[in-house]
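Below: the structure, in structure tokens.
A, B, ... follow the sequence lines: proteins, then strands. Residue 1 opens every chain. Any value given below was found using the heavy atoms of this structure, including those in side chains, with hydrogens, waters and symmetry copies removed.
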2 protein chains.
Amino acid sequence: MIDDDTAREQIVTAADRLFYGRGVQAVGMDAVRAAAGVSLKRIYALFPSKDDLVVAVLQHRTQRWNAGILAATAAVGDPRDKLLAVFDFLAGWFVEEDFRGCAFINSFGELGALSPRVATTVRDQKSSFQDYVAALVHDAGAPANLAPQLAILAEGAQTTAAIAGRPDAAHQARDAAATLIEVALRPAPTPA
Amino acid sequence: MIDDDTAREQIVTAADRLFYGRGVQAVGMDAVRAAAGVSLKRIYALFPSKDDLVVAVLQHRTQRWNAGILAATAAVGDPRDKLLAVFDFLAGWFVEEDFRGCAFINSFGELGALSPRVATTVRDQKSSFQDYVAALVHDAGAPANLAPQLAILAEGAQTTAAIAGRPDAAHQARDAAATLIEVALRPAPTPA
DNA sequence: CGCAACGGAGAACGATCGTTCTCCCACGGA
DNA sequence: TCCGTGGGAGAACGATCGTTCTCCGTTGCG
């Protein structure tokens with residue numbers, strides 16, 4: 001017998017892989033059951049509806065994302081390098097073989113208009129990422145308006161890498177970020 | 001009787017509004033029929049499958065996008081301002097009441113793994129946009145690596161505006177673009 | 001050892017979807 | 001006027017989906 005916690009984890013992990021790879025609506029609950037190795041009854045006992053499962057998958061991804069970003073930025077010391085480390089983290093992600101874009105963006109586009117809970121879950125993730133970037137920007141001593149600019153670069157790199165299939169979008173975004181950071185930290189030039 | 005061309009347009013226009021507002025898979029062909037005011041038989045005579053209709057809708061959107069970008073950039077003279085005009089165009093788009101992100105990104109996330117034709121149609125659109133930005137960058141006399149940076153900013157602004165519901169992502173991206181353009185056009189500073 | 005509760009496997013159900021087919025009316029040529 | 005073609009309205013069909021239910025074996029406890 002499998003206890004509830006590991007069953008939850010198996011279900012969420014299997015559903016995550018399937019949803020991310022094919023899209024949510026293209027994956028039936030029976031496919032999740034087969035991949036997770038548990039019964040449908042068990043799934044519905046732990047997640048009352050597919051919507052609940054989707055939300056749980058997204059929250060699980062949020063935790064993995066937060067841990068990855070935290071580890072990437074903790075590995076370097078300089079606050080400026082922490083900001084750039086975010087884009088290095090993206091670069092490592094984009095070259096994974098099953099990379100298919102940002103699961104939150106994908107889910108929002110597919111379900112944002114249908115499921116308010118999915119929409120708010122995605123919004124919360126994006127909002128917390130923006131907050132984290134804003135904190136790094138603050139630590140680096142740069143003006144606050146740099147933060148949304150870097151966040152936009154990160155978002156754009158994800159969709160560009162996914163659609164064009166070009167992982168170097170991370171490097172291009174990193175270069176742009178480096179320029180923006182440098183300008184933001186440089187004292188205002190004396191007018192000619 | 002409606003001739004084929006106007007029927008096509010009615011179908012594509014209605015399907016576009018429905019697909020964009022709710023997502024493709026959430027809209028049945030019967031809903032398209034009701035919104036377009038034509039018979040199902042007619043729809044399937046003009047578009048052999050839903051996949052064909054989706055591709056036609058995306059191609060229709062590509063034409064509208066190209067026309068909008070072209071008009072926005074044609075309204076200004078300076079090549080540098082043409083680049084910034086792209087973001088002004090985005091700003092005007094983001095405040096439309098039914099704005100729900102980039103239809104290409106949304107469709108790719110929802111159907112990219114299921115329909116190769118949809119995937120390539122989306123890729124073609126993004127690729128042609130990148131080419132256009134690259135041409136503007138070239139006209140402005142800036143190095144070529146500026147183009148993907150600006151394109152990434154545009155992509156990120158679209159998803160940020162859609163998910164966070166904050167249309168000012170266009171202005172933030174525009175500010176970042178202005179900085180990147182300025183740096184790219186400025187001669188290399190003499191080292192201190 | 002007996003029984004009751006639980007979980008697995010999978011059938012079943014109702015809804016919906018993409019697609020096709022049927023029926024019927026309107027209209028244009030001999 | 002009569003007939004044949006074409007298109008509209010909508011039923012029909014087969015597949016699939018989310019969700020529930022049935023049946024049965026197992027297991028833990030008295």
To the side chain of A/K50, which of D/dA9, C/dG8, D/dT19 is closest?
D/dT19
Less than 4.5 Å apart, side chain to side chain, heavy atoms only: is that true for A/F99 and A/V95?
no
Can you identify which nucleotide, out of C/dT19, D/dT19, D/dC23, has its nearest atom closest to the A/K41 side chain?
D/dC23
Does B/R61 make a cation-pi contact with B/F19 (under 6.0 Å, within 45 degrees of the axis)?
no
Does B/R123 make a cation-pi contact with B/F108, if we ask for NZ or CZ under 6.0 Å from the ring centre and within 45° of the axis?
no
Residues B/K126 and B/E155 bridged, charged N to O under 4.0 Å:
yes
Residues within residues 19-35 of chain B bordering DNA chain C, heavy-atom distance below 4.0 Å:
B/V27, B/G28, B/M29
Rounded interatomic separation in angstrom, taking CD1 from B/I43 and C1' from D/dA9
13 Å
Expressed in angstrom and rounded to an integer, what is the separation of A/L114 atom CG from D/dG18 atom P?
13 Å
By salt bridge (Lys or Arg N to Asp or Glu O under 4.0 Å), A/R166 pairs with (sequence neighbours left out) A/D168
Are there more than 12 heavy atoms of other residues, nucleotides or ligands under 6.0 Å from atom CZ of A/R17?
no
In numerical order, the residues of residues 6-14 of chain A whose heavy atoms come under 4.0 Å of DNA chain C are none
May I have the distance from A/D51 (atom CG) to D/dC17 (atom P), rounded to whole angstrom?
17 Å
Counting side-chain heavy atoms from C-beta on, which of C/dG18, D/dA11, C/dA9 comes nearest to B/L40?
D/dA11
From OH of B/Y44 across to P of C/dC17 the rounded distance in Å is 11 Å
Is it true that A/R117 and A/D52 have a side-chain N and a carboxylate O under 4.0 angstrom from each other?
yes
Mark yes or no: B/R33 above the aromatic ring of B/Y44, with NZ or CZ under 6.0 Å from the six-membered ring centre and no more than 45 degrees from the axis.
no
